[in-house]
Amino acid sequence: MNVRWIRRYRLFWRGGCAILAIQIFIAYIFFTLNTNTDNPTQEYHLSGKGRLNVETMDDHIGLESAIAVGRRSNRIDLYAVGDDEEEDSIGNSNAVYPKIKVPPDKSDHLNKGSKIDKVPKAAVSSANKTVQLRTEELDFTPMCEIHSKEAISAIHRARTQHCKQQIANTTCLISAGELYPKQLPHSCPAPGLRKGKALGCYQDDKVSRLLNGFYTNMKSTNSPINCINLCLQSGFPYAGVQYGSECFCGIVEPPSSYKLPDSSCNMKCPADPRQACGGFFTVNIYQTGVAKLIKEPVEESWSRKLDVKNSKKRVRVVFLLTLNGRAVRQVKRLIKSLFHITHYFYIHVDARQDYLMRELLSLEMKFPNVRLSRRRHPTIWGGASLLTMLLEAMTHLVENDWEWDFIINLSESDLPLKTNEQLVGFLTANSDRNFVKSHGREVQRFIQKQGLDKTFVECDTHMWRTGDRTLPNGIVIDGGSDWLALSRPFVEYLATSTTDPLLQGLVTIFRHTLLPAESFFHTSLRNSPFCRTYVDNNLHVTNWRRRLGCKCQYKHIVDWCGCSPNNFRAEDWQRLQATENKPVFFARKFEPIIDQVIINQLDLWLYGTYPTGMAGVDSYWENAYHWEDLGRHQSDDGLISLANSLARRAVRMLYEQAGNCTLGDVKLLEVTTYHHKDQYKGSLVLFESKVKNTEKAVKIESWVRPIDSFTILQHAPPASRIKNVFVSSDFDQKEQQSRNWLRVVGPFTELVGVFVLWPGETLYNVTVLWVDPRMSVVATGHLLMDDSPLVGFVKLNLKTPLLPGAWSLKLVWNSSVFAQTNFLVTPLEFFSGLPLTLRQAQFVHGGSGERFTNLDEEWSVIANAGTNVDRDVLERKAYSNAKRTGKDLALVIDSLSQKFYDVVDNCIVSGIRSCGLMSLCQETVWSSVSPDPKSELRGIDKTTGRIHRLRYMLYSCNQTVEIWPSYRW
C-alpha cells in the first residue's frame, strides 16, 4: 500500500526534492557572500519600523561589486574623504538615521591602477590564503609576529628600510596594546549628567522611538557600558539597550510617563548575561555623561568700519599661511588683500618649495609683522606632518612676542570675501569663540568615511594604512574642515598643556590618522573646558563639485580615496555674492592659472577698479623653473632640455634679424608660464648669454609656445564633435585641464591625450592609436564621446623610457584614420640636472624593452595608410640617435623643437643692447618683468596701516605715474 502511494505521488516527491535542493543552494550562496572571514566590519542600520540585523561585508568585495550591491539594494553609498566638509552633497545632515555605509577600505581590487607595487603572489600561501611577511627583504628583525595583511602589504610596498621598520614597530606596539590609550578624560562640563547613571526601564514604540538619534545592532557585544561608550563617542547624552542586542542613542531625556518596572526589561545582554538589555519594545536608558552640543549664537553684525565707540578692544589676527607650489604672485596678492600693520603673517613653506621660500624671504626685511618659519616640513595630502606643522607653528606663536588674539590658517588658494575691517569687527564682537566647521554627518558614519578607525603611518612621503584600530572610550569624536579660526586662550591650551592626558592621548592618536588636522582640533575643543566656545562655522565657503572632485584622488600618496574642492570660476560669481550678508569671510579654492577673471572680479567688489589701460591687470605669470632649484630636488630634465634648446634658437633668430647680435652659449635662468585673460599664451624662457669677443653678458627673455598640429583628415561623423586634440601630461580630472602648459614630455613622462569636444548627444566610440617615431603602433586606447564632459582624456599604457622623437596620436573610425595630432617626446640633454653621459643616453633614449615589437601589424597598416615610409631606416635612425651626447645631441633636439615650438618674440632684461631690434622687457606687456600691479608689495601707508595699492607705470607711457584710486577699505 505504501509503495503504491509513493508511486502515485512520485512526481510531487521529485518536485519537492528539487525545490529543497535549490533552496539549500541559494542559502549557501547567500551566506558565502555575506560572511566576512577576514575582518568583519559592523554596519549601522536604520531603526524606524521593524528590526534589522547586523550585516557584514567582505573586505575583498571590491569597488565594482560594492557598487553593484548598492544599485540592487539602493542602501549602500560609496564615498571618499576630502579636505573640507562644507556643502556636503552626500546625504542629509539632518536625517535622524544614516543609510547603510560601506567603509571605503582599499582592498586589493582598488589598487589595480596604483603606481605602488602589490605584494607579490609568492607572499600568499596557497594553503590558507594568508599573507606572510617576507623577512628576507628586511635588514631588521620585527619586534613581534606581524599578521595584519594591511601592515604586511605596507611593509613590502614601502621604499626604504627605515619606513618599513617604522611601520613594523607601530604595528607591534598596537598589538601589544602599548600605543593607543584605552580611555581619555572628557573635560567639558555636563551639569546633572553622570556617565553610566541608570534612568530605568521605559516603554518604547516602533514608530516614535524614545531615543531617535542613532541605532545599531550589536549581536555579540551589546551591553550597557558598550552602548554608553558608543553613544558618548557620538556626542549623545543618553544611551539605551533594547531587545538584547540593540543600542539606541538620543539627545532628549525620556518622559517619566513612559517608565516601567525594571522587571519589564528582562532580556540578557550578549556581552554580559548578568545584565539586562531591555526587552520587546522596552529599553534600559542610561546617561552617557556628555551634554548636548549647543550651537552658541554669534554676533553676526559687522560694519565696513569698526565702531570706535565699541568698548571691546580691537582684535589682532595672525594669518597662518601654509604654502605649497610656485604661485608666488598669488601669495603676495593674498598678503596684500589681508595686510594691516596690526595683524601678523606667520608663513610655513613646504620643505620642497625652495623657490617660493627664496621669493618670500625678502618680505621679512620689508614688513616687521611678517615672519617665515625656518622649521619646514614636507607635508603631503592627508599626512600627519600637516598637524605636526600646525601645532609647531602655534607653539612658536604663543612663545614669541607678538600680541594677537586669533589664529586663522589659510593657503595660497584662499581669498577674503570681506574687507579687513569687517573681519576685525566680527571677531571683536565674538572674541571668546572658536570657529570650526563640523562634518554634519552622524558620527559613526563620519568615523568610517574618514578612516578614523584605521591606523596610518606616514613615511616615504606616503600615508600607509596598516590595519584597524579601536578609538579610546570616554570622549566625543568630531571633525570636519581643517580651516580654522581659533582664539588665543584655546591655542595656548593646545600649545602649553604638555601634561594634559586628553591632549597627549589625542596627539598620539592623530599622529597615526589620515587627515588629522580635520579632526584633532574639533575633538580637542569638544572634550576640553573650552567646549562652550565651539562655533560650527569656520568662516569659509568652499567650492565643492563632488562629481569632479571625488574621483579617488591622491592614491599615489595615501592608501585611501580622497576628495578635493574645485576652483571657483567666473560662472560661480553669484555664489560669492550671496555671502555678502552671511558670516563668511573667506572662500576657496582660487587659482589664477586656472581662472583669474573671478579673482579680479572679487578684488573689484572689495576694493574698487583699477585705472583703465593699466598693464598687467589681466595677465598672470607663474614660475615653472628657476636655476637655483637645480640639484635641490628632483629636476624636470625634459623642461630644462627643451628650454635650453629654445634659448639657443632665440639666439640664432636674433643673429638672423640683426647681424651685430653675436651671442655665445646660453645659461638657462628661468621658465615662466604666461596667461592673459585666462588663456595660455605661451611660456617665457629667461637666459643669459655673453656677447662674443667680450666679457659682457646680456639677459634675454624669449616668448615661446607650442605649435598646434591637430588636423582633421576625413570628415567622419565623430570629427564634428572634436574641437582640439593635444598630448601632454599632468591632467587634472577635477579641473578638466592639463597642468603641463608647455606640453613638455620626455622619455619618462606619463602621456595623456586630451580631447576638447563640442557639445553633442550622439555617442561615438573612437579608437586611439599611439604611433612612435618608427611609425609603429605601440599602444591603443578608446575615447567614448557622450553628452557628459566636454573634455576627455586617454592615457598611454606603455613602459618607459619612451623612444624620443616625433610621435603621432591618431583617431580611427570604421578602420580609417580621420584625425591626428603630432607631438614631441623631447630627448634629454640633461639627466638629474647634469649633462647626459653616453651610458645614460643609451638607456634613456633607447626606448622601452618593447621597442622592437609592433602591437599589431593590422593597426600599423591602418595608421600608415597613404604614406610611403621605410621603417627599417627609421629604426636605424632611432638607434643612432640613442648614442648622441653633448653638442651632437643638442643639434638633434634643436631640429626637433623647431618643428613643434615657435619663438614668438624676444626682449632684453639687462646688459648691453647689442641687438638693436630688441625691446626692453619692462616696456612689454608679456614679459615676466613687465608691470604687475596686482602682486606688487610696496611700502606701508602710514595713514591706513595698509600696503600702498598702486604706484605703477602705465603701458601707454614711458614714465612713472603715481595713481591713487579711491578704494573702499
Side-chain angles (χ1 to χ4, degrees), residues 59-67 77-84 90 102-120 149-160 163 167 324 352 378-386 448-468 482 512-516 518 544-566 634 729-740 748-752 781 793-800:
D59 192 48
H60 292 285
I61 190 170
L63 184 61
E64 297 83 357
S65 301
I67 291 174
D77 293 337
L78 293 172
Y79 50 122
V81 61
D83 66 343
D84 295 289
I90 305 177
V102 178
D105 290 356
K106 298 188 68 63
S107 69
D108 296 337
H109 297 81
L110 297 184
N111 280 325
K112 287 182 178 179
S114 176
K115 301 176 189 176
I116 302 171
D117 296 333
K118 309 288 185 303
V119 179
K149 65 176 183 180
E150 293 159 310
I152 293 172
S153 172
I155 290 171
H156 288 312
R157 287 181 291 135
R159 295 185 296 274
T160 65
C163 184
I167 296 170
N324 209 326
R352 294 157 295 192
T379 56
I380 61 172
W381 185 92
S385 53
L386 179 60
Q448 288 188 3
K449 175 251 180 186
Q450 196 80 356
L452 294 178
D453 54 350
K454 313 291 181 184
T455 291
F456 288 84
V457 175
E458 181 180 359
C459 57
D460 285 355
T461 62
H462 190 92
M463 285 293 281
W464 308 96
R465 196 182 88 175
T466 64
D468 298 336
D482 54 354
H512 300 287
T513 299
L514 179 69
L515 291 161
E518 293 190 4
W544 278 107
R545 291 192 180 112
R546 295 189 183 273
R547 180 181 63 84
L548 295 172
C550 292
K551 294 185 178 293
C552 206
Q553 298 187 75
Y554 310 110
K555 289 189 295 183
H556 59 295
I557 54 173
V558 294
D559 291 345
W560 206 255
C561 286
C563 290
S564 184
N566 285 71
Q634 188 174 3
S729 64
D730 302 331
F731 185 77
D732 185 344
Q733 291 189 57
K734 178 171 60 70
E735 300 299 337
Q736 297 287 283
Q737 177 68 62
S738 168
R739 293 181 177 270
N740 181 356
F748 299 99
T749 303
E750 293 184 354
L751 301 187
V752 177
F793 69 98
V794 175
K795 289 187 176 181
L796 170 62
N797 295 316
L798 188 68
K799 292 181 181 179
T800 58

Might you work through the side-chain contact (heavy atoms from CB on, under 4.5 Å) test for Val457 and His512, ending with a clear yes or no? CA-CA 6 Å; Val457 175; His512 300 287; 4.2 Å; yes
Would you sort out whether Cys563 and Trp544 count as a side-chain contact (heavy atoms from CB on, under 4.5 Å), showing the intermediate values? CA-CA 9 Å; Cys563 290; Trp544 278 107; 3.8 Å; yes
Using side-chain contact (heavy atoms from CB on, under 4.5 Å), reason through Lys454 and Leu514 one step at a time and then give a plain yes or no. CA-CA 8 Å; Lys454 313 291 181 184; Leu514 179 69; over 6 Å; no
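Using the six-membered ring where Trp is involved, Tyr554 and Trp381 have ring planes that are parallel, under 30° apart on the 30 and 60° scheme.
Taking CG of Asn324 as the reference point, atom OG1 of Thr379 lies at 5.5 Å (rounded to 0.5 Å). The line from CD1 of Ile167 to CD1 of Ile152 is 12.0 Å long, rounded to the nearest 0.5 Å.
Between Asp559 and Arg157 there is a salt bridge, with a side-chain nitrogen of the basic residue lying less than 4.0 Å from a carboxylate oxygen of the acidic one.
With sequence neighbours excluded, the residues forming a side chain to side chain donor-acceptor pair (under 3.5 Å) with Glu735 are Asn567, Arg569, listed by chain and number. Arg159 is linked by a salt bridge (charged side-chain N to carboxylate O under 4.0 Å, His left out) to nothing, counting only residues two or more places apart in sequence or in another chain. Partners of Thr466 according to the side chain to side chain donor-acceptor pair (under 3.5 Å) rule, which considers only residues two or more places apart in sequence or in another chain, do not exist here. Taking the side chain to side chain donor-acceptor pair (under 3.5 Å) definition, one finds that Asn566 meets it with nothing, sequence neighbours left out. In terms of the side chain to side chain donor-acceptor pair (under 3.5 Å) criterion, Thr749 has no residue partners (sequence neighbours excluded). Evaluation of the salt bridge (charged side-chain N to carboxylate O under 4.0 Å, His left out) rule for Asp732 yields Arg739 as partners, not counting sequence neighbours.
Contact between Leu386 and Asp482 at its shortest, heavy atoms only, is CD2-OD2, 4.0 Å. Nearest approach of Glu750 to Ser729, heavy atoms of both residues: O-CB, 3.5 Å. Here the closest heavy-atom approach between residue Asp460 and residue Cys163 is recorded as OD2-CB, 3.3 Å. Closest approach of Gly781 and Val794 over heavy atoms only: CA-CG1, 4.3 Å. Residues Trp560 and Arg465 approach most closely at CZ3-NH1, 3.3 Å, considering heavy atoms. Asp468 approaches Thr455 most closely through the heavy-atom pair O-OG1, 4.4 Å.
Put simply, the side chain of Gln737 does not reach to within 4.5 Å of the side chain of Phe731, judged on heavy atoms. At a threshold of 4.5 Å between non-hydrogen side-chain atoms, the residues Leu452 and Thr513 count as touching. No side-chain heavy atom of Glu458 sits less than 4.5 Å from a side-chain heavy atom of Trp464. Counting heavy atoms from C-beta outward, Ile380 and Met463 have side chains that approach closer than 4.5 Å.
Here the side chain of Lys734 pairs a donor or acceptor atom with the backbone of Pro565 at under 3.5 angstrom. Side-chain N or O atoms of His462 include one that pairs as donor or acceptor with a backbone N or O of His556 at under 3.5 Å. Gln736 contributes a side-chain N or O that, together with a main-chain N or O of Gln733, makes up a donor-acceptor pair within less than 3.5 Å.
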